[in-house]
2 protein chains.
Amino acid sequence: MSTGHHHQPIDLTRNQSLVLGALEKAEGPLSAYTILDRLRDDGFRAPLQVYRALDKLLGAGLVHRLESLNAFVVCAHPNCHAQGMIAFAICGTCGKVDEFSDAVVQERLGSWARENAFKAEKSIIELRGTCAGCLNG
Amino acid sequence: MSTGHHHQPIDLTRNQSLVLGALEKAEGPLSAYTILDRLRDDGFRAPLQVYRALDKLLGAGLVHRLESLNAFVVCAHPNCHAQGMIAFAICGTCGKVDEFSDAVVQERLGSWARENAFKAEKSIIELRGTCAGCLNG
DNA sequence: TTCGCAATGTAATATCATTACGTTTGTGAG
DNA sequence: CTCACAAACGTAATGATATTACATTGCGAA
Ligand SMILES: [Zn+2]
Ligand SMILES: [Zn+2]
Ligand SMILES: [Zn+2]
Ligand SMILES: [Zn+2]
C-alpha cells in the first residue's frame, strides 16, 4: 500500500486507511470527532482511534492539521511534504480550504529565523477569509 | 483609561484590565483557564469572564491569540495593529514568544489572495521551534 | 424617570485532546 | 515453530478549551 514516494512511507493499517478515506471523501476539513462519527459503522468507538490514525497520517504527510480550526484535511498535493512550507486559505463561509506554498514567504521566514538564531521546526500559515466562489455567489 | 492611540480604542473595564494585567505580568502566553486561575483572588469564577474580556482585548489589538497553543499573549508593540500582518516565533522549550512582522511576507500572501480572488480577513503565521537562549543554554 | 445597551455573574453544556491500562497482532530471532 | 518484542488496537476515564443560556447590574440618552 506504500507508494514509496513519501518522506516517511508507511503501509496504512485498517484504521489509518479508514481515517484517510473519510478525509478524502469530505469536501473540506473535518474535526477528529466528526471523523469518529463518520466511522461508527466501521467499528470506531473512541476518539483515540481517530487521533492515533491521524498521528501516523500527519507524520507521513498525507494529512495536515489546521490549527485555527482544530481540524484536519487531506493533503492536496501528491508529495507536498517535499516542499518545506505550506500555507492554507480557509473560507469562513463554505469551509473550503486551498493549500498552497510560496518560496519567497518560506525564504523570508527562514531569514528571520536565521537572523534571530531561532531554530524553526514547523511553520503555520493560515489565511482566514472568503473564497472567490462565496464572494461571487 | 483609553490611550486614544488604538484602532478601536476602549476604556477598559475592571475585568478587562485584570485580564490584561495578568497577561502583562506573565512571561509568556497564558491559556484562558490559567488566566482564570490567576484571577480567582480578584473575584473571577467562570471561564466566560475571561473569554469576554479577551474578546474585547483582541478586538482592540492589545492581545493576540496563538492558534497553535490555544493561548493568549499581550501585544509586544505599542500599536502593532497598524502593521497589517503579525507573525510569532514560539519556543517549544521555554515557551517564550517573539512577535514580528515582515512586509515581504505580507505582500506575498496578499498577492496570492488577489490572484486567487480570496478576500483575506486575518492571517495566522506561527513558527514553532527553539529560541536562541534555549539552543545555547 | 424610563428605556436601551453593554457588561457581568453563574450554571450548564459542547467540543477537543490525552492518559491509563490491558489485549491483540505482526514480525523476526533462535 | 515458539518465544520475545514492538506496534497497533480497544475501551474507559479524565483533562483542557470554549460556548450557550439566562438572569442581573450599571449607566448614559431621551
Ligand atoms: Zn499538503
Ligand atoms: Zn467559500
Ligand atoms: Zn502585536
Ligand atoms: Zn526557548
Side-chain angles (χ1 to χ4, degrees), chain A residues 1-2 8-23 26 28-60 62-73 90 92 95 124 126 128, chain B residues 1-2 8-23 26 28-60 62-73 90 92 95 124 126 128:
Chain A
M1 193 73 72
S2 169
Q8 298 177 221
I10 55 174
D11 288 348
L12 297 183
T13 65
R14 168 180 158 81
N15 282 6
Q16 290 158 14
S17 295
L18 285 167
V19 169
L20 182 60
L23 286 171
L30 299 180
S31 76
Y33 277 73
T34 301
I35 295 170
L36 174 59
D37 285 341
R38 297 193 180 182
L39 294 177
R40 294 274 180 202
D41 292 346
D42 296 295
F44 273 52
R45 294 284 172 272
L48 196 50
Q49 295 177 286
V50 177
Y51 283 111
R52 285 204 272 229
L54 285 172
D55 279 347
K56 291 295 176 183
L57 295 170
L58 290 167
L62 299 173
V63 162
H64 302 297
R65 175 182 169 85
L66 300 173
E67 297 289 347
S68 69
L69 248 32
N70 291 335
F72 304 87
V73 69
I90 303 167
I124 295 144
E126 300 179 12
R128 305 294 303 267
Chain B
M1 193 71 75
S2 168
Q8 298 178 221
I10 55 174
D11 288 348
L12 297 183
T13 65
R14 169 179 156 83
N15 283 4
Q16 290 157 15
S17 295
L18 285 168
V19 168
L20 183 60
L23 286 171
L30 298 180
S31 76
Y33 277 74
T34 301
I35 295 170
L36 174 59
D37 285 341
R38 297 193 180 183
L39 294 178
R40 294 275 180 200
D41 292 345
D42 296 295
F44 273 51
R45 293 285 172 272
L48 197 49
Q49 294 177 286
V50 177
Y51 283 112
R52 285 204 271 229
L54 285 172
D55 279 347
K56 291 294 176 185
L57 295 171
L58 289 167
L62 299 174
V63 163
H64 302 298
R65 175 182 169 85
L66 300 172
E67 297 288 347
S68 70
L69 288 180
N70 291 334
F72 305 86
V73 69
I90 303 167
I124 295 145
E126 299 180 12
R128 305 294 304 269

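This one's a predicted model, so the numbers in the text were calculated from it and none came from an experiment. Each chain gets a letter, A, B and so on, in the order its sequence line appears, and its residues count up from 1.
- The phosphate of D/dC9 has neither OP1 nor OP2 within less than 4.0 Å of any side-chain N or O from A/Gln49.
- Of the candidate nucleotides C/dA11, D/dC9, C/dT18, C/dA11 has the atom nearest to the side chain of B/Leu48.
- Taking side-chain N and O atoms only, A/Ser31 has a distance below 4.0 Å to OP1 or OP2 of C/dC16.
- Proximity of B/Thr13 to the phosphate of C/dT8: a side-chain N or O atom is located under 4.0 Å from OP1 or OP2.
- One finds no salt bridge joining B/Glu126 and B/Arg128 here, because no Lys/Arg side-chain nitrogen approaches an Asp/Glu carboxylate oxygen to under 4.0 Å.
- Here D/dA16 presents its C1' atom at 16 Å from CD of B/Glu67, a figure rounded to the nearest Å.
- Across C/dA20, D/dG10, C/dT10, the shortest atom-to-atom separation from the side chain of A/Arg52 is found for D/dG10.
- Of the side-chain N and O atoms in A/Tyr33, none sit less than 4.0 angstrom from OP1 or OP2 of C/dC16.
- Between B/Ala53 and A/Leu69, the residue whose closest nucleotide on DNA chain C is further toward the 5' end is B/Ala53.
- The backbone N or O of A/Asn70 lies less than 3.5 Å from no partner atom in the side chain of A/Arg65, so there is not a single donor-acceptor pair.
- Residue A/Asn70 has no polar side-chain atom (N or O) positioned under 4.0 Å from OP1 or OP2 of C/dT15.
- In this structure, of D/dT11, C/dA7, C/dA17, it is C/dA7 that holds the atom nearest to the side chain of B/Lys56.
- Closest to the side chain of B/Gln16, from the set C/dA7, D/dA18, D/dA21, is C/dA7.
- In this model, the phosphate group of D/dA18 is approached by a side-chain N or O of B/Arg65 to a distance below 4.0 Å at OP1 or OP2.
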